[in-house]
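Numbered from 1 within each chain, the chains take letters A, B, ... in sequence-line order. Scope of the values below: all heavy atoms of this structure, side chains included, with no hydrogens, waters or symmetry mates.
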Amino acid sequence: MARTMTNFKRCRRCAGVLLAVAIAVLPTAALGAAARPDPAIAAMQKKLDQSLELIQALTERVRELEAKQAAATASAPPAAPATAAPPATTPVAQPAAAAQVAVDNARLEADEQKLEQLEKANASRSADETGLPLHGFADVGIGTHNPINADLKGAYVGNLDFYLAPRLGDHTRALFEMNTEVGSDGAVGVDLERAQIGYQFNDRATVWLGRFHTPYGYVNTALHHGSWINNSLRRPKFLQFEDNGGIVPAHSVGLWLTGSTHTGGGKFLYDAYVGNSQAIIGGALDQRNAGNSDGHIGGGVRLAYQLTGGAAEGLLLGLHAFSARIGDDALPAHVTRVLAYGGYAVYDTDAWENIAEIYLFDDRDLYGGTGTHNSRAGFLQFGYRAAWGVPYARYERTLLEQSDPYFAALAGGGSYHRVALGARFDLDLKSAIKLELASTRLTDRTLEQYGEGLVQYAIRF
Amino acid sequence: MRRPGPRPGAWLFAVLLAGASGAATTADLYVVCNANVALQSSDVRDVFIGEKSFAGSARLAPADNLAAQAIFLQRVVKVGIDRYTSLWTKKSFRDGANPPPVKASDAETIAYVRQTPGACSYVQAPPPAGVNVVAKF
């Protein structure tokens with residue numbers, strides 16, 4: 001009898017705790033569902049409902065057992081002293097009741113195990129089991145000029161960019177990005193922007209193989225495709241993507257080692273890569289995705305230090321350099337040993353997003369015998385995260401030597417300067433409207449100046 | 001003879017727990033990890049913004065707890081939900097890292113941390129046995 005009572009007490013305690021947990025879980029689960037109407041949350045809510053049904057069944061079972069216990073107590077004699085001999089009354093009914101209790105206990109234990117399995121199933125549910133998440137960005141806009149090709153005016157379709165980052169294991173990582181964009185002729189093109197598979201040794205080192213964002217400066221890796229990510233409406237003109245007039249290879253195909261480590265009051269970050277030397281095809285840099293015919297390789301390094309505490313928290317200072325042997329498709333072809341180096345500074349906090357980058361070029365003409373050519377490019381941008389939006393101002397300047405066969409072969413290789421004022425307004429967590437007023441002056445190939453008024457609607461999903 | 005049904009103490013406990021998990025804003029916040037995870041409290045912020053992925057040889061699997069996320073972001077990460085979302089969007093796009101999954105409550109969070117190797121999260125109610133409390137904020 002004492003054991004039976006213990007079992008009953010355990011059941012009652014169990015039911016009480018389950019009820020407590022259920023009542024505690026319900027409001028927060030409801031809050032979560034209301035705040036984020038997600039299919040995964042709905043599935044979890046369904047499982048919680050199942051848990052509650054199970055708890056209700058357990059409670060009913062406890063009540064039933066208590067009623068039986070009460071009946072058994074009523075038919076039994078008053079409790080005897082512990083040392084007394086067992087009572088001789090109801091010699092048949094008592095073993096039967098005990099057997100029934102044992103069956104009930106076994107059933108309860110089975111229910112508890114079921115509940116535990118349910119809990120485990122809920123706990124282990126993750127993105128791995130709910131499919132591969134597909135993320136992306138898209139933007140459209142309208143303006144007095146197209147933000148990329150100033151010869152075009154009116155409304156435009158920007159990019160539709162998808163990327164996948166599957167969870168593969170403790171150390172293997174992968175990242176794939178497909179971008180759909182509309183060219184100047186209105187045709188839709190699809191580019192495999194990134195296709196990289198990597199091995200992460202630890203927090204200090206990851207090695208990637210494939211096509212990746214070339215690690216130089218800040219903008220090219222932190223604010224690449226995906227207009228929503230960028231507070232400004234567009235990248236600096238000279239840092240545009242290869243097929244949009246960029247003068248620096250935004251992508252590379254090769255091997256990339258990257259990582260960081262905490263030191264002192266900050267973090268040291270490094271990147272080093274080697275890859276196929278690019279080529280200039282039709283006035284645009286081509287990354288040679290399938291390899292190049294001459295087997296030449298290029299490479300570069302980027303070193304930076306980021307302050308993670310103190311008054312200057314959010315300040316990032318870096319140096320970068322890269323070199324590649326780049327030929328073009330002219331007849332006769334030119335080949336240039338491109339050497340670019342420079343530095344960058346970023347102050348990124350809750351309030352500020354200030355970015356400065358500078359690139360110095362010492363390009364050597366390998367076939368034409370015109371010697372070494374020096375050029376430079378850079379920009380400075382100030383942004384402030386106000387409560388109502390993010391106003392920004394940017395100044396860009398390039399001085400590109402036109403006798404350098406590298407810049408001469410690039411469609412976007414002319415010098416210019418641009419002043420831009422703009423603002424970003426976040427409509428919600430996933431969409432933003434950006435406005436920009438800009439004045440651009442081309443300073444060597446053509447002497448032209450034009451103003452732009454641009455509007456962009458950018459989303460992420 | 002006891003009357004059938006849960007004891008008053010159980011109801012009181014339920015009400016207190018519901019209040020604690022649903023509305024408390026000044027309560028303690030416990031950062032808990034799976035028993036196999038050894039983590040310094042100074043590393044917690046880095047774990048939840050994706051800057052730290054390993055604790056020794058263990059791959060970390062942080063999860064957000066929707067019931068306590070606002071307080072956690074305010075006290076530990078020191079950013080608002082907008083900035084936190086933006087940080088993870090950039091991180092995910094740049095590095096291929098995935099943001100932490102979101103659990104709905106302390107109970108679900110504790111179950112996830114108990115069962116998942118490398119898991120770390122945070123709860124408002126004092127955590128039960130079976131998890132490793134690495135910090136209290």
- Query: Using non-hydrogen atoms only, which part of A/H224 is less than 4.5 Å away from chain B: side chain, backbone, both, or neither?
  - Reply: both
- Task: Identify the heavy atoms of A/R173 and B/G96 that sit nearest to each other, and give their distance.
- Result: NH2-C, 4.1 Å
- Which portion of B/K91 sits near chain A, non-hydrogen atoms under 4.5 angstrom: neither
- Message: Quick one: does any side-chain atom of A/N202 pair with a main-chain N or O of B/F54 as donor and acceptor, under 3.5 Å?
- Response: no
- Hey, is CD on A/E313 packed in by over 12 heavy atoms from elsewhere, all under 6.0 Å? yes
- Interchain contact, A/H262 with chain B, by part (heavy-atom threshold 4.5 Å): side chain
- Query: What are the two closest heavy atoms between A/Y163 and B/S92, and how far apart are they?
  - Reply: OH-OG, 3.3 Å
- Query: Just wondering, more than 12 heavy atoms not from A/Q196 lying within 6.0 Å of its CD?
  - Reply: yes
- In terms of heavy-atom contacts, B/R83 and A/T349 come closest through NH2-O, 3.4 Å
- If we only count heavy atoms from C-beta on, is the A/L223 to B/F93 side-chain gap below 4.5 Å? no
- Note on the structure: What one should report as the nearest heavy-atom pair of B/D95 and A/W208 is O-CZ2, 3.7 Å
- Rounded to the nearest 0.5 Å, what's the gap from CG on B/D43 to CG on A/D203? Could you check? 9.0 Å
- Message: Counting heavy-atom pairs under 4.5 Å with chain B, which one of A/Q200, A/H171, A/H225, A/H213 comes out on top?
- Response: A/Q200
- Heavy-atom closest contact (A/L175 atom, B/R94 atom, distance): CD2-O, 3.9 Å
- Task: Measure B/D46 against the heavy atoms of chain A and call it side chain, backbone, both or neither at under 4.5 Å.
- Result: side chain
- Message: Using a 4.5 angstrom heavy-atom cutoff, name the option from B/T85, B/T109, B/N98 with the most pairs to chain A.
- Response: B/N98
- Taking C-beta and beyond as the side chain, do B/E51 and A/K267 meet within less than 4.5 Å on heavy atoms? yes
- Task: Kindly determine whether B/D82 and A/D426 satisfy side chain to side chain contact (heavy atoms under 4.5 Å, CB included), including the steps that lead there.
- Result: CA-CA 10 Å; B/D82 292 11; A/D426 281 289; over 6 Å; no
- Portion of A/F137 that has a non-hydrogen atom of chain B nearer than 4.5 angstrom: side chain
- Task: Could you go through the side chain to side chain contact (heavy atoms under 4.5 Å, CB included) check for B/T89 and A/K430 one step at a time?
- Result: CA-CA 10 Å; B/T89 301; A/K430 296 189 173 184; over 6 Å; no
- Message: At a 4.5 Å cut-off on heavy atoms, which part of B/P100 comes close to chain A: side chain, backbone, both, or neither?
- Response: neither
- Measure distances from A/N220 to the heavy atoms of chain B and classify the residue's part below 4.5 Å as side chain, backbone, both or neither. neither
